[in-house]
Structures are given as C-alpha cells and as structure tokens.
2 protein chains.
Amino acid sequence: MPQTKESDNTRRSRRGSGAITLRDVAKLAGVAPITASRVLNTPEQVSVDVRQKVLDAVQKTGYVPNRMAGGLASSRSRLIAAVVPSTVMSVFMETIESLNGTLFDAGYQLMLGQSSYSASREESLLEAIIGRRPDGIFLTGVLHSGKGRTRLLASGIPVVETWDLTPAPIDMLVGFSHSDIGREVAKFLVGKGRRRLAMIRADDERAGRRAQAFAVEAERSGLAKVQVVDVGASRTIKSGREALGRLLEIDPEVDAVFCSSDLLASGVVTEARVRGIDIPGRLAIVGFGDVPFVADMVPALSTVHINGADIGRMAARCLIDRAEGREVASPLVDVGFSIVERDTT
Amino acid sequence: MPQTKESDNTRRSRRGSGAITLRDVAKLAGVAPITASRVLNTPEQVSVDVRQKVLDAVQKTGYVPNRMAGGLASSRSRLIAAVVPSTVMSVFMETIESLNGTLFDAGYQLMLGQSSYSASREESLLEAIIGRRPDGIFLTGVLHSGKGRTRLLASGIPVVETWDLTPAPIDMLVGFSHSDIGREVAKFLVGKGRRRLAMIRADDERAGRRAQAFAVEAERSGLAKVQVVDVGASRTIKSGREALGRLLEIDPEVDAVFCSSDLLASGVVTEARVRGIDIPGRLAIVGFGDVPFVADMVPALSTVHINGADIGRMAARCLIDRAEGREVASPLVDVGFSIVERDTT
DNA sequence: ATGAAAGCGCTAACAG
DNA sequence: CTGTTAGCGCTTTCAT
C-alpha cells in the first residue's frame, strides 16, 4: 500500500510526483540509494542479507522504479518503437504481437506509431520516436524517404526493417523477396495450366514489385500480357468484389488472379461465387498473407504464406542483441515464404 | 546534419549519449538553456528574434529534445499506455487506431501492452506500465483483478476502462452495456418470429454477460431454454463452423444463433452454407462487432455494431484532459450500440 | 560488498 | 522577456 513520503525537514524547493523513490526504499532499508539500485539491477553484487532488507522495503512501500529516470541516467530506455502502416485487419498484427511478446519477456516496452497517417505526419512521427530515445526501431517495410533514412541513421538508433528485402538496408533487415513471390506465383499458376493471368492489387509499393515480377514471369512463359486492376488504397472484400467485376470486363477469359492481399482475394472469391463462376474450374485465385481466417473459408483460399510471427520474433532478437551490445548473428535474414495450395487453385 | 558535441574543456566526468542537447542549442544561439526550452515549449513567452535564433540553431544541429529528460523534470511523460487482450484480427484494433491517432495529434505517444499473455504476466505488465509513469492508462475491458485495481488506484495515474460498463469503474469509463446487447438481440430475433434461439460464444466474461441477458430475455418471451455452445478461447471461423455442427446435434430445430464475435458468426454462415441450410430462411445469424469485412460477405452478416473508433477517440480525450489538468466533461460515457440488419436475419 | 559524488538532459521556481 | 539555481529519480565513476 502506498504512503506519502515522510515529511522530512530537509531543504526541498522542488515538486516531484510524490511517489515512492529509491531514496525512500534505501532509507527504510538503512542503505545507500546505490545499494538499493544494485539489489534491483545486479543483485549478485549485493550480500544476501542486505538484499533481503531492500527487497522487504520494496515490498512494504510498493515501490516501482521510475524507468524515465533510470533511462536518463543510463542512456538505455528499454523502449522499442514500432512503425506500422495500419492496424485494422492487417497482416502485420501477428508480427507486432510476437514482437511485443518477445520484447516484453526481455524487459522491453513497445511504443506504437502509425505511418498510414498523412505523409506530413511521417516527419513528426520520426521526431516523436527519436525524442523518446528508444533502444531500437522496428519498421514495417523498408524506409524509402531519403530524409527519414538520414534522420534515423543520424540518430544512431538500431533499426530493423521488415517484410521486405532491399539491397541497401538502413541497418538490419528481416524480410523476404516480393519479386520472388510474384515470380513463383506466376510459375505456380502456369504449372497448373493457367494461361490468362491477372493481378488485382492495392496501391502499395511492395505489391507493385510482386505484380511486376508476376507479369515478367508470365511473359517469359509466353502468356498474354497480364491484366492488372488497381484498387487504390483500399484493401477490403468490397474492393475485391468490384475489382473482379472490372477485370472480367477487361478480359472475360481470364483464368487466374493473383491478389495483393487475402482480403482482396476473399472479395474475388465472393464475387465469383455470386456470379456462379466455378472456382477453381474456370478461375483460380491466389491471395497474399495467409491471415488466420482464409484457411477456413469455403472454398479455402490458396495464398502466399508469410510467417509473420517469425519476423516479429527475429526482429525483436536483432534489436535486443544490439541494444545490449551483443553482436547480431545475422543482421540480414530472409525468412522466405511458401505458396499454400488450398481450394481456389 | 549531426555533429559531435564540441570538445569543451569544462570538467566532465560522465558519459552521456553523445547526442546534441538543449545546452548545445542554447550555446549556439547565444542564450540560456531555459530560454531555448521556452522557445520549444512556450514560444509565446519569448521575443521573436530570440525565438528565430534558437529555431535556427535547432535546425542547424538537428536537435531532437530528449523526452525522457523532459518527462523526468516535469513529471509529465506524455506517454499513454494501452492494454489490449489480443491484436490479431481483433475487434479492438479500430479503437486502438483512433486512440493512437488522437493521442499523437495531441503530442502523446502510445505504449502497447498485451494482456492475453498468461495471467502471471499481467502483474509484470502493470509494473512495467507504472514504471514508465504514463500520463494515462487505457484498458480494454474493465479490470477485475482486485490486486490490479488497487495497484492502479495507488499509482494515481488516470485510467479509462472501455468496451464495457461497470457500476464501479476504477476511474473513467467509455463503454456500453453487454447485457443490453444480449437482451436487445433476443428481442430482435423474437420480433423476427424466431422461436428456438441459441448462442455460440467464446469463453470471455463480457460475452458471458451478453449470453446471460440473451437467455433471460428469451425465457421471458416464453421460448425454450437457449442452447449455448462454448468454443473456449478460440474465436475463429473454424471454431464457428465446428460449433454450428455441435449445436445442430444438440438442437436440430434451432432457428437463430447469436455469436459472440463476427469471426465466429462467419464460421457459422460458412458451415450453414456448406450444409445447405437456408439463411435466413431456416437459420438466422447475428454476429458481434461489425468488423470491416462482414458487411461485404455474401450473405452479408447481421451483427451488433459498436463504434470502436469513437471509443478510442473519446477515451483519448478523457485521458488527455486529465493529463492536462482539465476537468473531464463526462468521465462515464455509454457509447451504445446498434443492431445492423443485413442478409442473415 | 558498499558508498559518495557527480551528473543524465531537461524544466519549475524564483528572481530581475 | 531572460536568466540563475536547484533539482526530477536514477546510475556511472571512483573510492573504500
């Protein structure tokens, strides 16, 4: 239970939060503040009996160390910042969840920043993040704005970019190749005997690279030009449904669609079902992400599986190792992907 | 562009991060540190020309204020902690997104904590949060553990509980009544002429209250006892599908199901479709949450709509007002809900 | 194994 | 409007 700090008569001219401090604990235990600090941070440096006395005092006072003060004094905030484009129904949440879990177990806290807000806010997001002096920064996707890169580089804070591969990462990287995915999905579809491939994609740089490689591979296989429907920023079931409509107008003969997200693909499946288009007979559909629910849809969606949890875990390890001065075993990891074949192909 | 701190010959015995500090900026601008501080925090207190000089120095040095130091000195961290049970495919993400957005615009940062991890970790989560001295805490759901309540109360940090109503909130509250929902959905279904109601629910306290009220209202209307299928912790399409199977074994005559989440409901719809059960002819289905994609499913899901974004926004406002010493207009708000009728009823 | 001193980088108080 | 002084609560450094 909390108690007000004893009203000592020492000269005190400043406020303060009024909470129990290490000083209070130390006084109660009859030791110097630094000793109490050691009990909490490096107990092996303190004799057992002193240790116990301090622990008792902590218990009695309900003391919770002020990490802002600790961070300021040690230049180690034990804070990790994560930047995510969007959280709602996003394929990234599994990554964030495992990132957070791994960090928490190692004694780190997660700060969340959303980049999907206007580009002008990206600047202030970076400022806000750097201002907290996090021990590491987790980026969803790679940073392209040169300004942002420079700023992060200048801050000296360890950075891990994820969900992508780039020849010139800012620092560390845990991702996979979007081009490889585009190529492999095209090969996969061609191998299934599909001849008129199409892509339905959101306006997203990584989706663009998948689309690009997808189209190139189709062409290399001697197929007709891949039709592409761009749905803009929205990646919903609804836009997937509409996109299929548009696609069928452009090319009624299309026999396979690769979508840039599972949600879009679900929309395509839905629309095809409504129109009585046989899946996979007349139309094959491949999604991207393998979010939890698409495996249980009927028909179950064939999609590109990304191990998002692995990305979060590995990125966390990179960041933690760096923060604690350890050598990072592999600062550049390709987690790969797999094409999961289910009912729609 | 960053530059190393000038190697001054003043007595310096301690390290430091090596970053630019307010002192550096002030020196460059030829003013006292506090003046530079004022330019950044209360510019109206500083003359225009001095202001400009300092701003120039900030620009030149690429100075980013250390918020840990600022927070420590002012006892205001400008940090808000949010506790969420789960992030993956969760109905709460819209709330978190708007919470985060509103906070960010007001100059606050969001720290994310996950409570879904084991109960033993709940204790350390709270410790970790309080240790950061956030200016406010956002709770998804209400806190029931007495220990946790006491601890939060003792910390003196403003707390807002959400997504629920309780007669005895820790502090502030932005939510809605789960009992009301259960009752209203039952009435709604009865009004539609349904006579054999059932519930498929996850093992979750709030879902329990909806189920309870749902059953009571059904009984009040003279219907047969409501059959309840509990799916445990999982709230996936798959468990929804399985649950409908189990439900039909228990009561093949059931004509309406209220599910404790949209995902579960989607599973029920899917399974019904597979079994050739006519929706809504033979079976009516109601979900909960109105997550983005259920409106575009076929058939579109009837569900209970909760304005998650509103909850986030309002909770943020409560917390910010409190943090800034303002009176909170309405510390207890009921955002209500609405039953959205679509194709499944 | 324990402690004294000196800050980390910033801002509240109180001048002037 | 600007500055001086004294910390916020903790940990590093250097002694003992």
Side-chain angles (χ1 to χ4, degrees), chain A residues 5 8 10-27 29-54 58 61 63-78 130-133 135 325, chain B residues 5 8 10-27 29-54 58 61 63-78 130-133 135 325:
Chain A
K5 182 185 282 184
D8 54 1
T10 52
R11 55 266 98 34
R12 273 287 181 54
S13 62
R14 253 306 243 327
R15 67 281 104 155
S17 59
I20 317 290
T21 72
L22 190 61
R23 238 175 117 251
D24 301 320
V25 172
K27 197 176 289 180
V31 299
I34 181 63
T35 302
S37 170
R38 288 195 182 106
V39 171
L40 266 22
N41 299 310
T42 52
E44 68 282 2
Q45 289 183 21
V46 179
S47 67
V48 249
D49 50 331
V50 168
R51 203 184 301 174
Q52 198 50 54
K53 268 193 298 186
V54 172
V58 167
T61 54
Y63 171 67
V64 180
N66 183 330
R67 303 267 173 228
M68 281 203 290
L72 180 59
S74 65
S75 303
R76 293 203 42 214
S77 63
R78 291 189 155 278
I130 296 174
R132 296 285 171 188
R133 303 295 190 267
D135 290 341
Chain B
K5 184 184 280 183
D8 53 2
T10 53
R11 54 267 108 19
R12 271 285 181 58
S13 63
R14 255 304 244 327
R15 68 283 101 157
S17 59
I20 317 287
T21 72
L22 190 61
R23 240 176 114 249
D24 302 320
V25 172
K27 198 175 290 179
V31 299
I34 184 66
T35 302
S37 170
R38 287 193 183 109
V39 170
L40 268 20
N41 298 310
T42 51
E44 67 283 2
Q45 289 183 21
V46 179
S47 67
V48 248
D49 52 328
V50 168
R51 203 185 300 175
Q52 198 50 54
K53 269 194 295 186
V54 172
V58 167
T61 54
Y63 171 67
V64 180
N66 184 330
R67 304 268 173 226
M68 283 203 291
L72 180 58
S74 65
S75 302
R76 295 202 40 212
S77 63
R78 291 188 155 278
I130 296 173
R132 296 286 171 188
R133 303 295 190 266
D135 291 340

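Keep in mind the model is a prediction, meaning the values are calculated, not measured. Residue numbers begin at 1 in each chain, while the letters A, B, ... track the order of the sequences.
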Rounded distance (Å) that lies between atom [atom2] of [N] and atom [atom1] of [X]:
X      : N       : atom1 : atom2 : result
R67(A) : dC10(D) : CZ    : C1'   : 11 Å
L72(B) : dG9(C)  : CG    : P     : 12 Å
Y63(A) : dG9(D)  : OH    : C1'   : 7 Å
N41(B) : dA12(C) : CG    : P     : 8 Å
N66(A) : dC8(C)  : CG    : C1'   : 13 Å
E44(A) : dA1(C)  : CD    : P     : 10 Å
L22(B) : dT4(D)  : CG    : P     : 14 Å
R38(B) : dA13(C) : CZ    : P     : 12 Å

May I ask you to verify if any side-chain N or O of [X] is less than 4.0 angstrom from the OP1 or OP2 atom of [N]?
X      : N       : value
S17(A) : dG9(D)  : yes
S75(B) : dC8(D)  : no
S37(A) : dC10(D) : no

Out of dG3(D), dG3(C), dG9(C), whichever nucleotide has its closest atom nearest the side chain of T21(B):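 The closest nucleotide is dG9(C).
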Nearest to side-chain heavy atoms of A73(A), which nucleotide of dT2(D), dG7(C), dA13(C):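 Closest nucleotide among those given: dG7(C).
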Distance-only donor-acceptor test (3.5 Å): side chain R133(A), base dG9(C):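 In this structure, the two groups form no donor-acceptor pair.
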Sugar-phosphate only, base, or nothing, as touched by P65(B) at under 4.0 Å among non-hydrogen atoms: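 Sugar-phosphate contact only - P65(B) comes under 4.0 Å of backbone atoms but never of a base.
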DNA chain C contacts made by residues 46-54 of chain B, counting heavy atoms under 4.0 Å: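 Heavy-atom contacts with DNA chain C come from no residue of residues 46-54 of chain B; none.
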